[in-house]
Structures are given as structure tokens and as C-alpha cells.
Amino acid sequence: MTGEESVPPDDPRPQPPVAPEPGDCCGGGCTLCVFDLHEQALARYRQQLAAWLARHPQAHAPD
């Protein structure tokens with residue numbers, strides 16, 4: 001039995017954002033490049049995951 005099996009369905013584990021493909025960047029020097037936006041989403045995901053793990057100490061972070 002894993003820790004995931006005891007997680008209530010109304011509090012699912014956060015999922016990481018999908019990384020942009022190399023061709024998703026236009027190369028135009030945008031103020032907020034798709035890679036910058038992904039980094040911001042990744043930071044939010046890490047915060048959400050830390051909070052989720054605090055609520056679910058029986059679960060563990062993936063390697």
C-alpha cells in the first residue's frame with residue numbers, strides 16, 4: 001500500500017507543469033518568454049507540493 005491510496009480525492013497531489021518544447025520559444029527576446037513562464041509555474045508547483053506533502057506526511061516526494 002502506498003501513501004497515495006489514502007489521499008482524499010478532494011486533495012490530489014499537485015502535478016508539475018508541462019515543460020515547453022524547444023521550438024515554443026520564438027527567439028524574439030520577449031519580456032516573458034515561455035521558458036520564464038514555465039520557471040514561474042515550476043516555482044508555484046514546488047510551493048504547492050511542499051504544502052501538499054505537509055498535509056500528507058504519509059506520502060513522499062518522488063526522487
Side-chain angles (χ1 to χ4, degrees):
M1 181 166 146
T2 67
E4 296 292 319
E5 294 168 354
S6 62
V7 174
D10 59 340
D11 190 17
R13 183 185 190 112
Q15 296 300 308
V18 176
E21 296 292 324
D24 290 344
C25 174
C26 70
C30 302
T31 302
L32 285 176
C33 176
V34 293
F35 293 110
D36 296 328
L37 295 173
H38 178 256
E39 284 299 319
Q40 291 173 2
L42 200 52
R44 285 190 302 274
Y45 160 71
R46 288 179 181 134
Q47 290 175 340
Q48 292 167 353
L49 181 59
W52 187 88
L53 288 170
R55 293 190 305 274
H56 302 278
Q58 76 282 5
H60 64 282
D63 295 331

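It should be emphasised that the depicted structure is a prediction, and the values quoted were computed from it without experimental measurement. As a basis for the values below, the full set of heavy atoms in this structure was taken, side chains included, without hydrogen atoms, waters or symmetry mates. Starting from 1, each residue takes its place in the sequence as its number.
To the nearest 0.5 Å, atom CD of residue Gln48 and atom CD of residue Gln15 are 11.0 Å apart.
A continuous path of Ile, Leu, Val, Met, Phe, Trp and Tyr side chains, each step under 4.5 Å between heavy atoms, connects Leu42 with Trp52, placing both in one hydrophobic cluster.
The nearest pair of heavy atoms linking Tyr45 to Pro16 is CE1-N, 3.3 Å. The shortest heavy-atom contact between Asp36 and Thr31 is OD2-O, 3.7 Å.
Defined by atom type and a distance below 3.5 Å, a donor-acceptor pair is missing between the side-chain atoms of Asp24 and His38.
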